[in-house]
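Below you'll find the structure, written out as structure tokens, and then a few comments.
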Amino acid sequence: MLQSSKRNGVTLQGKLLRSQLPFKKYNMKETETGSSDLTPLLADADSLENQSPRGLASVSGAVFNICTTMVGAGIMSIPATVKVLGIIPGFAVMFMIAVLVDITVEFLLRYTQSGKSTTYAGLMAESFGSLGSLAVQICVMVTNLGCLIIYLIIIGDVLCGNESGGTLHLGVLQEWFGIQWWNSRAYVILFVVLFVMLPLVLLPHMNSLRHSSAISILLAVVFIAISLAMAIYAFWKGKTQNMRLLPDFANQVSIFDLFTTVPVLVTGFGFHVNIHPIRSELSRPSDMSYAVRISLAVCIAIYFSIGFFGYMLFGESIMSDILVNFDQNSDSAIGQLVNNTVRLSYAMHLALVFPVINFSLRTNIDELLFANKPVLAKDKSRFTILTCLLLALTYTIAIVIPTIWYFFQFLGSTTVVCLSFIFPGAIVLRDVHGISRRKDKVMAILVIIMAILTSMIAIATNLWTVG
């Protein structure tokens, strides 16, 4: 009886401890003395409290940050992909990629819950050792650093103009004030970096970026609203373009061209690098799956709306960057106003996406260089120095090598695909925790094969086109 009471007392004590510590999962292990030890299955409970002010990030904040990670620079390329694929296949491919992304995210979340790691690199280390962790960190650094540099280049093009093919395209500031020393690329981007981006990237918690992320999504909605208004006006005037429901294999599109659109959409839906930072700050990490599905639904709606209305407005003349089409329609005062509104909202959108992408880049670099140091958010000096050095490096490369865009386009076709599909599939196939079902492994194999084939064909087609 006494022994039974002790066991009941231990059980009651364990329940009380579990109720007081909602962030940890505990495994009751009975010791030789008959008592029980509370062994944490998830080591991220302390990290949650250390990295988040109260560990009370909301689902809505997570949705805004996930959507902002997805809706980045690639948003302006969506109409061109719809032109290549056609309306029906375009929506079908978007939906298929979103479903596959949801599956691979569930893979990562499931293994995070079963293991002890709180980062993507740590999750790969559990399955493949230090080489797996290094592979993730390299892919994150290449992808995210490339995105940040491209964001600054685009912002510079919008505000300060550029020169391509011997033609000078004026930026918004140059159109308003003429060509001055202070509205040159180096000074304008420096101003944006110091007074817009620096205050945001110095925020130590992902949840702190939820308001700026909400504004960035709102700016994307503004672009959709402008495109919708223009499409309605063009339809009323009878000036809308003919849209193809299916690819035009007879004239312009080859079967290989279809594969070049997949990396664009994969990049658009790629947010796997921010899964763990966002999840760690939720009051209930199990809500992450719910936030992911809402975010994917929102981004499908945004991407398809932009693709549909952009294609409706410009038809077969649509460019790979739809901003160029808006610039060509600025021969009137209203057209110029619309053009400037679209370009400025896009530049501001990228400036607000920048800190979200920077967050996971900084975390991975810190994890690589200072693996044995305390949590980055708790070490203010290391956090500030690393943030400023990273921002300075991004600014310098964007100013010195503005043609780096194409270099990162090819790397992005491989690194983003690895982070989104190949690595999660490999974790499931490795199955170090023994939790993968047969259908999980079949799906992982299919996802990996699809990712490798489409990437190889897309890279080969792009190289052939450039050559």
Side-chain angles (χ1 to χ4, degrees), residues 11-29 38-70 98-99 101-123 126 203-214 217 269-299 355-356 359-360 363 367 375-378 424 427-428 433 435-437 440:
T11 303
L12 179 59
Q13 184 183 12
K15 289 182 178 179
L16 289 173
L17 285 172
R18 287 196 297 273
S19 66
Q20 293 170 2
L21 295 173
F23 296 114
K24 282 188 178 179
K25 232 182 205 182
Y26 285 90
N27 184 20
M28 300 293 293
K29 293 184 178 178
L38 290 174
T39 304
L41 291 178
L42 280 175
D44 60 348
D46 295 333
S47 299
L48 296 184
E49 295 173 354
N50 290 335
Q51 294 182 14
S52 180
R54 293 180 301 275
L56 296 177
S58 63
V59 173
S60 60
V63 168
F64 287 136
N65 285 328
I66 294 171
C67 289
T68 299
T69 306
M70 286 190 278
V99 170
V101 165
D102 181 58
I103 292 172
T104 54
V105 168
E106 283 299 315
F107 287 163
L108 295 180
L109 292 177
R110 194 187 309 166
Y111 274 83
T112 300
Q113 186 175 2
S114 298
K116 298 181 179 180
S117 177
T118 60
T119 65
Y120 196 165
L123 196 62
E126 289 182 355
L203 295 174
H205 307 292
M206 178 70 79
N207 188 48
S208 303
L209 297 172
R210 65 189 184 281
H211 298 301
S212 60
S213 295
I217 298 302
F269 284 102
F271 64 96
H272 295 65
V273 295
N274 277 334
I275 288 174
H276 291 86
I278 295 173
R279 174 188 178 275
S280 69
E281 296 183 2
L282 284 172
S283 58
R284 292 190 303 174
S286 59
D287 287 340
M288 187 63 183
S289 297
Y290 182 54
V292 166
R293 291 189 175 96
I294 294 176
S295 303
L296 287 172
V298 170
C299 287
V356 178
F359 194 97
S360 55
T363 300
E367 188 177 6
V375 177
L376 181 60
K378 296 182 66 176
I427 289 173
V428 170
H433 300 303
I435 61 174
S436 292
R437 296 161 294 186
D440 294 331

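The first residue of the sequence shown is numbered 1, and numbering continues consecutively from there.
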Is any side-chain heavy atom of [X] closer than 4.5 Å to a side-chain heavy atom of [Y]?
| X | Y | answer |
| --- | --- | --- |
| S213 | V356 | yes |
| V101 | H272 | yes |
| T118 | S280 | no |
| T68 | I217 | yes |
| P277 | Y120 | no |

When you measure from the side chain of R210 to the backbone of N207, do you find a donor-acceptor pair of N or O atoms at a distance under 3.5 Å? yes
Has the side chain of E281 got a donor or acceptor atom that lies under 3.5 Å from a matching backbone atom of M206? yes
First locate atom [atom1] of [X], then atom [atom2] of [Y], and finally report the distance between them rounded to the nearest 0.5 Å.
| X | Y | atom1 | atom2 | result |
| --- | --- | --- | --- | --- |
| I278 | L209 | CD1 | CG | 9.5 Å |
| I275 | T104 | CD1 | OG1 | 7.0 Å |
| S295 | I66 | OG | CD1 | 4.0 Å |

Please name the pair of heavy atoms, one in [X] and one in [Y], separated by the smallest distance, quoted to 0.1 Å.
| X | Y | result |
| --- | --- | --- |
| A121 | E367 | CB-OE1, 3.7 Å |
| H433 | G115 | NE2-CA, 3.5 Å |
| C299 | F269 | CB-CE2, 4.2 Å |
| V59 | A291 | CG1-CB, 4.0 Å |
| R110 | R437 | NH2-NH2, 3.3 Å |
| S289 | E106 | OG-OE2, 2.6 Å |

Taking it one step at a time, do F107 and I427 satisfy side-chain contact (heavy atoms from CB on, under 4.5 Å)? CA-CA 8 Å; F107 287 163; I427 289 173; over 6 Å; no
As a quick check of understanding, evaluate side-chain contact (heavy atoms from CB on, under 4.5 Å) for L296 and M70, giving each step before the final call. CA-CA 9 Å; L296 287 172; M70 286 190 278; 3.9 Å; yes
Is a donor from one side chain sitting under 3.5 angstrom from an acceptor on the other, for Y111 and S117? no
Kindly determine whether H276 and T363 satisfy side-chain contact (heavy atoms from CB on, under 4.5 Å), including the steps that lead there. CA-CA 11 Å; H276 291 86; T363 300; over 6 Å; no
side-chain contact (heavy atoms from CB on, under 4.5 Å), that's the test. Do N65 and N274 meet it? Break it down for me. CA-CA 9 Å; N65 285 328; N274 277 334; over 6 Å; no
